[in-house]
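Letters go in sequence order (proteins before strands), and every chain restarts at 1.
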Amino acid sequence: MPEGPSIIILKELLIDLNLTGKQVVAASGTTTVDLDRIQGQKVSDFKSWGKNFFICFEDFTIQIHLMLFGTYLINERKKQLPRLTIEFEAAEINFYSCVVKIIEEDLSELYDWSADVMSDDWNAETALSKLQALPNALVCDVLLDQKIFSGVGNIIKNEVLYQIRVHPLSVVGALPLKKLKEVVQEARIYSFDFLRWKKDLMLKKKWLAYRKKICLRCDLPILKDNFGKNKRSAYYCVNCQILYTLKDD
DNA sequence: TCTCATGTTTAGGT
DNA sequence: GACCTAAACATGAG
């Protein structure tokens, strides 16, 4: 569930429920963070940075990361005990299977919003510079690097590379500048497509590479391999996606 | 029933 | 220290 655009949906849901500025009536859950601190506090803001979600209070922030299996429910509960429940007078939010932390620092000290592909502060030039500083890295790895493309996950990675016809094992330093710029541009464009399609409940139908068997462009099989530092699933077409490698000698 | 997977950190080895 | 791997966390879909 939780790549960057999914966290935007969560943030928008809570903002639309008019919970900004509202007081927390009760906080509970299996988390080990000090929930007494939240009680009675007013939410100053809901924010996100990539896949991280933040509930901001005057003196501290609750950070929630849904990891691989995390979910949330608004005004509903599962049988399973929530990791964190925050109750307001008019609504409650339940988070399950997530990592909860309390942050004392100013968020801007910890997170650079120019790296968040969903942010108004996203900066494509900065991302390009970061890529150029990693000539030996694989494109399949850099797209998942949260310091460069915060919010991009494995689905977006695969779809971006399919869109721009770049093989996941291509080396950053071997990509022509034009292609490198396409990596940066498409990471943001596809993330917003992802957001729109997920809201319209048609995200899965829009996938062209991820979990696909056949390439719609050429009718040849989409291959699946575990590539890169984290051995994440790569779906790609060897016919349509060009492998850029550095000449070695 | 079994396998797989939209993620990240940390510990330990080489 | 750089680099790599496994483990840990925990759950639903197919």
Side-chain angles (χ1 to χ4, degrees), chain A residues 1-11 13 29-33 48-54 62-73 76-85 94-103 110-112 115-118 133-138 140-163 168-169 171-172 186-213 222-236:
Chain A
M1 149 150 240
E3 296 194 22
S6 301
I7 305 303
I8 298 291
I9 289 173
L10 165 61
K11 181 170 68 174
L13 279 173
T30 60
T31 177
T32 55
V33 307
S48 61
W49 185 80
K51 301 161 190 168
N52 295 274
F53 181 61
F54 304 104
I62 302 286
Q63 176 182 34
I64 293 162
H65 198 301
L66 296 175
M67 307 300 281
L68 206 54
F69 308 125
T71 53
Y72 63 86
L73 284 176
E76 282 183 89
R77 290 190 188 192
K78 299 187 186 193
K79 285 179 186 170
Q80 173 197 354
L81 286 175
R83 178 65 42 84
L84 175 65
T85 296
N94 296 297
F95 294 97
Y96 302 87
S97 317
C98 57
V99 176
V100 180
K101 286 178 187 165
I102 289 190
I103 295 177
L110 300 178
Y111 299 103
D112 175 6
D116 182 346
V117 292
M118 302 304 296
L134 296 169
N136 296 315
L138 303 177
C140 62
D141 280 334
V142 292
L143 272 167
L144 292 175
D145 187 332
Q146 300 299 294
K147 290 198 161 63
I148 306 175
F149 297 106
S150 175
V152 170
N154 205 34
I155 297 174
I156 296 174
K157 175 199 82 179
N158 280 299
E159 295 296 323
V160 164
L161 292 175
Y162 183 81
Q163 286 292 338
L169 289 180
V171 178
V172 170
E186 190 62 27
R188 178 159 166 101
I189 291 169
Y190 192 85
S191 294
F192 278 89
D193 286 342
F194 184 121
L195 173 64
R196 190 173 72 250
W197 292 331
K198 189 167 176 79
K199 284 179 177 175
D200 293 343
L201 305 177
M202 57 193 306
L203 178 64
K204 288 182 184 179
K205 288 179 185 161
K206 292 290 184 179
W207 290 339
L208 300 180
Y210 182 74
R211 290 189 178 172
K212 303 304 282 188
K213 303 281 190 204
I222 295 275
L223 302 187
K224 177 179 180 287
D225 281 294
N226 296 107
F227 285 153
K229 281 181 187 171
N230 306 328
K231 302 267 195 296
R232 302 299 302 280
S233 304
Y235 296 83
Y236 61 103

Using a cut-off of 4.0 Å on non-hydrogen atoms, how would the nucleic acid contact of [X] be classed: base, sugar-phosphate, or nothing?
{"X": "Y210(A)", "result": "sugar-phosphate"}
{"X": "K157(A)", "result": "nothing"}
{"X": "K231(A)", "result": "sugar-phosphate"}

Interatomic distance at P, dA6(C) relative to dC4(B), whole Å: 16 Å

message: Give me the distance, rounded to whole Å, that separates dG1(C) from dA11(B) when you measure between the P atoms they each carry.
response: 15 Å

message: Can you tell me how the ring of Y111(A) sits relative to the ring of F54(A), calling it parallel under 30°, perpendicular over 60° and tilted otherwise?
response: tilted

- line: Exactly one of I62(A), I64(A), L73(A), V100(A) clears side-chain contact (heavy atoms from CB on, under 4.5 Å) with F95(A), and that residue is I64(A)

Shortest side-chain distance from [X], nucleotide among [options]:
{"X": "L68(A)", "options": "dT6(B), dG12(C), dT8(B)", "answer": "dT6(B)"}
{"X": "S97(A)", "options": "dT8(B), dA10(C), dT6(B)", "answer": "dA10(C)"}
{"X": "K224(A)", "options": "dG14(C), dA5(B), dG7(B)", "answer": "dA5(B)"}
{"X": "R83(A)", "options": "dT8(B), dT6(B), dA10(C)", "answer": "dA10(C)"}
{"X": "K78(A)", "options": "dA5(B), dG12(C), dG7(B)", "answer": "dG12(C)"}

For [X] and [N], give me the distance from atom [atom1] to atom [atom2], rounded to whole Å.
{"X": "H65(A)", "N": "dT10(B)", "atom1": "NE2", "atom2": "C1'", "answer": "15 Å"}
{"X": "L66(A)", "N": "dG12(C)", "atom1": "CG", "atom2": "P", "answer": "13 Å"}
{"X": "R232(A)", "N": "dG7(B)", "atom1": "CZ", "atom2": "C1'", "answer": "6 Å"}
{"X": "L134(A)", "N": "dC3(C)", "atom1": "CG", "atom2": "P", "answer": "11 Å"}
{"X": "W49(A)", "N": "dT8(B)", "atom1": "CH2", "atom2": "C1'", "answer": "12 Å"}
{"X": "L144(A)", "N": "dT9(B)", "atom1": "CG", "atom2": "P", "answer": "13 Å"}
{"X": "D141(A)", "N": "dC3(C)", "atom1": "CG", "atom2": "P", "answer": "13 Å"}
{"X": "F53(A)", "N": "dT8(B)", "atom1": "CZ", "atom2": "P", "answer": "17 Å"}

task: Step through it carefully: locate the ring centre of F227(A), locate the ring centre of Y236(A), and say whether they are under 6.0 Å apart.
output: yes

field: First encountered from the 5' end of DNA chain B, between R211(A) and N52(A)
entry: R211(A)

task: Go through the side-chain N and O atoms of R83(A) and T31(A) and say whether any donor and acceptor fall under 3.5 Å apart.
output: no

field: Any-strand Watson-Crick or G-U partner of dT3(B), both distances under 3.5 Å
entry: dA13(C)

message: Assuming nearest nucleotide by heavy-atom distance, tell me which of F69(A) and K229(A) is located more 5' along DNA chain C.
response: K229(A)

- prompt: So, W197(A) side chain and K204(A) main chain: donor-acceptor pair closer than 3.5 Å or not?
  reply: no

- prompt: Does the side chain of D193(A) come within less than 4.5 Å of K206(A)'s, by heavy atoms?
  reply: no

task: Look at the side-chain N and O atoms of Q146(A) and state whether any lies under 4.0 Å from the OP1 or OP2 oxygen of dG7(B).
output: no

